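Notes follow the structure.
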Amino acid sequence: MPKTLGKVRPHLTQNEPLLFEQSSAGKKGYQLPELDVPAVDAATALGAENVRAEIAGFPEVSEVEVIRHFTRLSTWNYGIDLGLFPLGSCTMKYNPRINEVVARMKGLAWAHPYQPEELSQGAMEVVALLEKYLAEIFGMDAVTLQPAAGAHGEYTGIMLVRAYLEAQGNPRKKVLVPDSAHGTNPATAVIAGYEVTTLKSNEQGMIDPAVLAAAVDENVAAMMITNPNTVGVFEENIVKIAGILHEKGAQVYMDGANLNALVGLARPGDFGIDVLHSNLHKTFSTPHGGGGPGAGAVGVMSHLEPYLPGPRLKAVDGRWSWDYDRPKSIGRVRAFYGNFGVLVRALAYIMAHGGPGLRNATIDALLNANYIRARLEQHYQIAYEARSMHECVFSDACQERKGVRTGDIAKRLIDYGFHPYTVSFPLIVPGALMIEPTETEPKSELDAFCDALIAISKEIDEDPEMVKHAPHMTRTSRVDEVTAARKPKVRWTGE
Ligand SMILES: *Cc1c(COP(=O)(O)O)cnc(C)c1O
């Protein structure tokens with residue numbers, strides 16, 4: 001694959017110079033008319049300490065150069081609107097544009113949280129409807145939409161558990177977390193004041209009921225379970241597991257960040273979960289990945305409802321009102337009522353699909369993941385034999401024999417024009433390749449992705465060194481990630 005075209009630099013490429021390199025002294029991006037008022041000396045008017053003659057090294061460029069520079073850079077940004085985004089445990093689905101249209105409707109987009117209740121009935125109805133639909137999808141009794149993200153939902157959920165147990169006289173000491181859990185789970189438990197006990201998964205990648213039974217005692221406040229877990233496998237003993245925990249008075253927390261495998265097919269409330277969070281910015285199609293706002297809705301069974309963050313919606317004479325009189329509440333976890341724009345998108349997504357549509361989306365997500373698994377299984381080692389749900393996890397065991405690891409394969413995938421999958425997670429799978437296509441991908445896109453990974457596995461057989469030094473087609477080849485993280489160079493020094 002040639003990288004250059006002889007000596008000529010291609011016109012539109014990833015080889016865009018830095019803005020600093022395009023600078024020429026004295027160039028300006030603006031032009032002002034002659035002054036028609038008396039000139040004022042800036043230093044006299046503002047104080048000399050507030051006036052700077054020039055910013056050393058600041059690029060001097062014209063307007064069109066600035067516009068083209070940033071427009072070109074924006075085309076390097078790989079996003080879901082450009083192609084498959086196979087990150088596992090992320091649910092990077094395409095976000096239907098209708099959600100954006102609805103979220104931008106003036107009455108919703110311009111609503112202010114300090115608006116009086118009588119002018120906020122529509123916005124309050126959005127919150128009420130979304131709480132109702134999510135309670136139905138989760139199979140739970142009540143939902144709060146306040147938490148701003150998944151980890152924040154976890155924190156809220158475990159604080160609810162703590163408040164509930166405290167009301168019974170003892171908050172207990174420990175939270176159990178399987179070794180396949182997302183890193184936010186143990187972090188949440190610690191922030192909520194608990195010690196973490198890690199449970200080892202069995203050879204099927206699942207929680208072993210016998211190991212669990214031995215670990216549960218009266219000191220255990222809760223277990224945090226992800227289902228399907230992070231190896232993409234459904235915990236088939238979940239009812240038994242919930243029973244073991246409940247018998248000892250412990251609560252069952254579910255990390256439902258990615259609910260893409262369950263919506264419309266199975267309800268956590270029906271298989272023994274007491275409290276769960278779900279990322280509306282994953283399954284319910286709010287754009288994410290750029291650190292933008294999210295929402296970590298938390299669902300609870302009725303015994304935890306009194307502890308939910310306040311205020312809560314209540315209907316008074318056919319109108320919505322906020323109820324602040326919640327004596328057992330853990331209190332607010334966020335200003336106002338949650339990330340409202342995200343809630344609007346989630347509601348639009350749910351209503352546009354309807355019940356049968358949501359269920360079909362789930363079935364397609366499962367089908368797509370299993371299609372990828374079926375096509376790649378002869379080329380990459382599947383981590384666990386158990387059937388995959390919405391994502392599939394491989395290991396680099398076959399490629400490692402040639403000295404090529406999952407990170408190298410991911411870099412080579414960039415040369416083929418794809419965003420990499422999730423690399424080296426979950427930690428219980430050495431050299432993991434974690435792939436979640438979601439339901440929004442057409443077969444042609446899944447095939448192109450599988451073709452690329454199959455081609456890479458052949459390249460590894462023939463020329464492992466080439467793959468170990470990928471990517472070859474990008475502006476920057478492999479960067480020193482360790483130095484970049486440890487000694488970041490964040491200031492332009494002119495070299
Ligand atoms: C994404 C994710 C989280 C964290 O969600 P944030 O919104 O990033 O805080 C927690 N658990 C699992 C399993 C996840 O995939």
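Whatever order the structure lists them in is the order used to number ligands and atoms, beginning at 1. The structure presented is a predicted model; accordingly, all values stated were derived computationally and were not measured. Computed over heavy atoms, backbone and side chain alike; hydrogens, waters and symmetry mates excluded. If you read the sequence from its start, that first residue is 1, and numbering goes on from there.
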**Asked** Looking at R412 and D408, does any basic side-chain N land under 4.0 Å from a carboxylate oxygen?
**Response**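 Salt bridge between R412 and D408, a charged N being under 4.0 Å from a carboxylate O: no.
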
Any idea which protein heavy atom is nearest [atom], and the distance to it?
atom                    : value
atom 5 (O) of ligand 1  : N279 ND2, 3.0 Å
atom 2 (C) of ligand 1  : K282 NZ, 2.5 Å
atom 11 (N) of ligand 1 : D255 OD2, 2.6 Å
atom 6 (P) of ligand 1  : G150 N, 3.4 Å
atom 3 (C) of ligand 1  : H182 CE1, 3.5 Å
atom 9 (O) of ligand 1  : A151 N, 2.8 Å

**Request:** Please say whether A257 places an N or O atom under 3.5 Å from an N or O atom belonging to ligand 1.
**Result:**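 No, A257 has no N/O under 3.5 Å of an N/O on ligand 1.
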
Open item on the list: With nothing but distance in play, are any N or O atoms of N258 less than 3.5 Å from an N or O of ligand 1?
Closed with: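 Yes, there is a polar N/O contact under 3.5 Å.
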
Within-shell test, H281 vs ligand 1, heavy atom, strictly < 4.0 Å =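 Judged by the 4.0 Å heavy-atom criterion, H281 does count as contacting ligand 1.
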
- Run the contact test for E154 against ligand 1 with a 4.0 Å cut-off on heavy atoms, strictly below, and give the result.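 Flag set, E154 near ligand 1.
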
Does a donor on one side chain sit under 3.5 Å from an acceptor on the other, for [X] and [Y]?
X    : Y    : result
N368 : H390 : no
E125 : W320 : yes
N99  : S285 : yes
D447 : Y371 : yes
E100 : N95  : no

Note to self: Can you see whether Y194 has R162 sitting over its ring - NZ or CZ less than 6.0 Å from the centre and within 45° of the normal?
What the structure shows: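 Because its charged atom sits under 6.0 Å from the ring centre and within 45° of the axis, R162 does stack over Y194.
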
Assign the ring pair Y349 / H353 to parallel, tilted or perpendicular, where the plane angle (0 to 90°) is split at 30° and 60°.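 If you compare the ring of Y349 with that of H353, the planes turn out tilted.
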
Please list, in number order, the atoms of ligand 1 under 4.0 Å from a heavy atom of T184.
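That gives atoms 10 (C), 11 (N) of ligand 1.
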
### Message
Show me which atoms of ligand 1 lie under 4.0 Å from any heavy atom of S89.
### Response
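So the answer, numbered in order with elements, is 13 (C), 14 (C), 15 (O).
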
